[in-house]
Amino acid sequence: MTDSFLTVKCLLPLILSLSATANDLADTPEFAHAMGIETRTLNGLPVVFHYDRIRPDFEDRADNPFRVRKSLDGPWEFRFDPANTGLQGKEAWTQVSVPHCWDNMPGGRFWDWSDRTANNPPMYDGAAWYRRDFEHKGEEGKAHRLEFLGVPHRVRVFLNGQLLARHEGGGQPFSIDATPALLDGTNTLAVQIIRLPNFRPKKDESGFDEIEYVHTRHPKAPDNWPYAGIPRSVSLISENPLTIRKAQIRTRDGKLEAAVCVSNHGQQRRAGQVRIVSAAIALPAPKAFDLQPGAHAVIRFSTPIKPGAGLWAPGAPNLHQLLTTLEIDGSPADQLQTTFGIRKFEIRGNTFVLNGKPVFLKGVAFYEEHRSRGNALTRQDHEDFFKLTRDADANFIRLHVAERHPWTYQMADRDGIMLCGEWGGFWYKEKSMDQQTKDPKSIYQSLGRCALWDLMNHPSVVIWGTHNESHQFCPEYEPFVEMGKELVRQHDWHQRPMTWAAWHPHKGSPHFEHSDAVGFNEYRGAMDPFEDLDPDLKRVTKENPGKPLIIMENGGWSVLGKRGRKNQKGTEDWHADLLRRQYEVLNQHTPPLSGYTYWLLVDYRSRKTYTGNKRSDGWSRMGMYDEFGKPKLVRDVFKDLWKSR
């Protein structure tokens with residue numbers, strides 16, 4: 001990286017003034033509101049808009065003669081900005097390679113709470129900067145957008161000194177119009193990232209107090225590591241101003257329905273037609289469109305599915321491709337390829353049913369995390385998670401409170417692994433639930449709209465999880481639950497069932513009357529008396545007759561290689577025996593459970609204070625495998641359970 005960055009130094013005061021004056025660490029919805037995420041109905045379809053444009057498809061990587069994708073991965077410059085002074089700060093720049101996670105930079109000590117400065121990257125909270133130059137040769141009549149597949153947490157994106165967007169989130173991709181700021185020749189992309197602190201020192205300096213927020217994704221310190229950086233790919237996409245943004249697909253009653261979203265980002269009125277083609281369907285006639293500048297349209301198709309088109313299911317995950325083509329004056333002007341599956345997942349009484357057959361969800365959960373790369377995972381890292389999932393004989397994954405990298409859903413589609421799609425709602429309390437419910441552009445609702453829109457076509461996503469262990473002891477809880485349900489009902493064209501991970505099956509008011517399935521977390525024998533398990537199950541079944549029962553979390557913990565007595569907590573023997581004892585109770589329950597998720601597949605890092613010691617180095621040891629993928633005794637137990645289901 002050279003000092004060519006300074007070729008745009010005349011524009012830097014804009015960056016400096018914005019970053020120096022903003023109260024970036026405030027408990028505010030400012031960044032969430034700046035994304036402008038909202039739902040508008042077009043031709044009967046609820047369509048999600050982001051930065052005033054239809055949220056695009058982030059998954060199509062097929063060869064496309066009408067779009068050019070320039071990767072901006074690779075060498076960037078990086079520096080921490082603890083004083084939030086902008087790009088003129090005196091801190092030295094370091095060359096890094098994006099995708100990148102700053103927590104895993106050299107010298108990091110995940111256990112060292114005494115050093116929360118930039119000298120200890122995993123404990124550093126505040127602002128940091130990434131910047132890089134790239135060359136661009138303009139082509140007349142093209143539109144250009146920057147695509148980020150995921151950047152936690154609060155973000156400002158600058159191109160040649162111009163603020164393009166503010167963003168807040170984590171796992172969800174986003175796309176920004178770059179056309180007005182893009183130059184012929186050398187361009188400079190700068191990204192400011194802000195991570196909020198989870199703890200503040202006690203006044204007597206005897207430890208730390210947890211900070212509780214109202215307007216953020218995680219009101220409390222999450223029980224995972226809040227990695228920061230640019231952990232996923234960045235691209236510049238050049239395309240025609242008249243473009244296909246998204247093709248939503250559903251299959252039911254022997255027909256395929258497609259809703260093709262088209263936008264005219266140009267300066268002229270454009271008319272033409274849209275075609276869809278797939279080997280799995282009868283060929284429908286093209287549909288016409290006529291769009292004014294800045295206008296959007298949804299073109300809808302309905303056509304029979306061909307006899308013999310393979311269904312999607314575990315063990316036989318048949319996938320199909322739909323090619324959508326946009327034509328002007330009879331000539332193609334854009335295209336989009338979309339993968340879909342033909343399957344029907346439903347609830348009948350207290351049973352999940354897939355393609356007419358009962359199915360038991362034997363699940364695991366995992367975070368997006370690598371021991372040395374943090375959340376900047378490679379494709380092989382994702383493949384390794386699915387290898388362990390198959391090795392444990394699981395057919396279901398709970399993707400805990402975050403939208404994940406598109407690879408996760410694509411691999412699940414490919415492998416026939418069912419998923420619980422989630423996006424947020426981690427440990428919300430009274431004030432945060434009230435704010436997230438009442439504000440339609442709150443971070444929870446905004447990320448929910450994105451996830452529901454992004455994941456709609458994936459056959460692997462069979463159920464939605466709307467939140468995790470939120471406070472079910474206050475009047476704010478039921479409106480929050482109802483709002484999450486309404487988000488799903490409004491946006492999911494497939495009308496998948498929904499549930500959530502209640503803190504407890506019957507304490508307080510879990511309000512399962514609003515769920516399709518009764519989902520809750522339970523740690524009887526680990527954190528609560530084991531004797532409570534059977535009475536809890538009987539009571540929740542009695543209070544919620546005729547609904548499927550799914551355990552969303554259950555588990556224990558152990559350090560790989562630590563052996564001991566079955567009643568000695570923290571040993572592999574106790575960990576494995578606890579699952580055996582759990583199964584003996586759960587498997588005898590009437591009616592039978594419809595699903596069970598083990599917490600969790602692989603050991604993970606947590607920013608809770610209980611991992612804040614040199615011995616643990618930030619690791620929570622609740623996995624069936626350690627961070628190197630080595631199995632514990634509990635894996636063997638889990639593998640043998642519910643085989644007959």
Side-chain angles (χ1 to χ4, degrees), residues 56-62 149-150 171-173 232-233 246-252 256-258 276 278-281 305 309-324 336-346 352 354-355 357 359 361-366 368 377-400 402-423 450-465 492-497 595 597 601:
D57 183 286
F58 292 100
E59 299 196 35
D60 181 16
R61 293 295 189 272
L149 287 186
Q172 73 298 328
R232 300 184 191 162
S233 289
K246 182 84 169 175
Q248 299 290 25
I249 301 169
R250 71 175 173 183
T251 59
R252 62 176 185 175
L256 177 140
E257 298 174 72
I276 62 169
S278 173
I281 62 173
I305 296 171
L311 300 180
W312 185 94
N318 293 295
L319 295 174
H320 307 278
Q321 303 296 323
L322 184 84
L323 180 65
T324 304
L336 185 74
Q337 184 167 290
T338 308
T339 301
F340 68 97
I342 304 169
R343 65 108 177 96
K344 185 177 183 180
F345 186 86
E346 59 186 324
F352 294 125
L354 178 62
N355 299 333
K357 298 179 181 179
V359 61
L361 306 184
K362 180 182 178 181
V364 294
F366 58 74
E368 254 180 8
L377 302 187
T378 65
R379 186 178 184 90
Q380 185 58 52
D381 294 334
H382 286 82
E383 293 282 10
D384 290 343
F385 279 126
F386 278 87
K387 181 180 179 181
L388 295 182
T389 299
R390 296 190 299 270
D391 179 66
D393 195 36
N395 66 5
F396 176 70
I397 299 170
R398 181 185 171 204
L399 299 174
H400 187 264
E403 184 176 347
R404 304 298 175 89
H405 195 293
W407 287 335
T408 298
Y409 307 95
Q410 294 165 359
M411 291 177 184
D413 289 345
R414 178 200 66 192
D415 290 356
I417 303 292
M418 296 174 286
L419 303 177
C420 179
E422 304 188 27
W423 64 86
C450 292
L452 292 160
W453 179 254
D454 294 348
L455 307 180
M456 197 181 304
N457 291 329
H458 288 284
S460 57
V461 178
V462 297
I463 192 169
W464 298 109
D492 183 12
W493 208 18
H494 296 257
Q495 293 299 287
R496 295 170 176 88
T597 306
L601 186 68

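- Smallest separation of non-hydrogen atoms from V461 and G421: CG1-N, 4.1 Å.
- For the atom pair CG (N457) and CG (D57), the distance works out to 8.0 Å, reported to the nearest 0.5 Å.
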Stepwise side chain to side chain contact (heavy atoms under 4.5 Å, CB included) test for I276 and I281:
CA-CA 10 Å; I276 62 169; I281 62 173; 4.2 Å; yes

Salt bridge (charged side-chain N to carboxylate O under 4.0 Å, His left out), that's the test. Do R414 and E383 meet it? Break it down for me.
CA-CA 11 Å; R414 178 200 66 192; E383 293 282 10; 2.9 Å; yes

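- Looking at R250, its side chain does come within 3.5 Å of a backbone N or O of W493 through a donor-acceptor pair.
- Considering every non-hydrogen atom in both K246 and D454, the closest pair reads NZ-O, 3.5 Å.
- Looking at V462 and F352, their side chains never come closer than 4.5 Å, going by heavy atoms from C-beta outward.
- Side-chain N/O atoms of E59 and H458 include a donor and acceptor closer than 3.5 Å.
- The distance from the CZ atom of R252 to the NE2 atom of H494 is 10.0 Å, given to the nearest 0.5 Å.
- Between N318 and R343, every side-chain heavy-atom pair lies at or beyond the 4.5 Å cut-off.
- Inter-residue side-chain proximity for S460 and L455 is flagged as unmet; no heavy-atom pair is nearer than 4.5 Å.
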CA sep, side-chain torsions, deciding dist, call: Y409, L399, side chain to side chain contact (heavy atoms under 4.5 Å, CB included):
CA-CA 10 Å; Y409 307 95; L399 299 174; 3.5 Å; yes

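- Here the shortest heavy-atom pairing between D492 and Q495 reads O-NE2, 2.6 Å.
- Looking at every heavy atom in both residues, G315 comes nearest to P317 through C-CD, 3.6 Å.
- Residues forming a ring-ring contact (aromatic ring centres under 6.0 Å, His included) with F58 (at least two apart in sequence, or on another chain): none.
- Smallest separation of non-hydrogen atoms from L322 and A258: CD2-CB, 4.4 Å.
- Looking only at side-chain heavy atoms (C-beta outward), F345 and V359 come within less than 4.5 Å of each other.
- Between the side chain of N395 and the backbone N or O of K362 there is at least one donor-acceptor pair closer than 3.5 Å.
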List the steps, then state whether side chain to side chain contact (heavy atoms under 4.5 Å, CB included) holds for R379 with M411.
CA-CA 10 Å; R379 186 178 184 90; M411 291 177 184; 3.8 Å; yes

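- Within the 4.5 Å cutoff, the side chain of D413 has no heavy atoms near those of the F340 side chain.
- Atom CZ of residue R61 and atom CD of residue Q410 lie 8.0 Å apart, to the nearest 0.5 angstrom.
- Between the side chains of Q337 and Q321, at least one donor N or O sits under 3.5 Å from an acceptor N or O.
- We find the NE2-CD1 distance between H320 and I249 to be 11.0 Å, quoted to the nearest 0.5 Å.
- Looking only at distances, a side-chain donor or acceptor of R496 sits under 3.5 Å from a matching main-chain atom of M456.
- Rounded to the nearest 0.5 Å, atoms CH2 (W423) and NE2 (H400) are 13.5 Å apart.
- For the pair P314 and M418, the minimum side-chain heavy-atom distance is below 4.5 Å.
- Taking CD from E403 and CH2 from W453, the interatomic distance works out to 13.0 Å, rounded to the nearest 0.5 Å.
- Side chain of R232 to backbone of G171: a donor-acceptor contact under 3.5 angstrom is found.
- Between T389 and I417, the closest heavy-atom pair is CG2-CD1, 4.4 Å.
- Under the 4.5 Å side-chain criterion, counting only non-hydrogen atoms from C-beta, F385 is in contact with L377.
- With hydrogens and angles ignored, the 3.5 Å screen pairs no side-chain donor or acceptor of W464 with any backbone N or O of E422.
- Relative orientation of the H405 and W407 rings is parallel, given thresholds of 30° and 60° on the angle between their planes.
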F396 and T597: CA distance, side-chain angles, deciding distance, side chain to side chain contact (heavy atoms under 4.5 Å, CB included) verdict
CA-CA 8 Å; F396 176 70; T597 306; 3.5 Å; yes

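- When each of L256, I305, L319 is tested with I342 by the rule side-chain contact (heavy atoms from CB on, under 4.5 Å), just one qualifies, namely I305.
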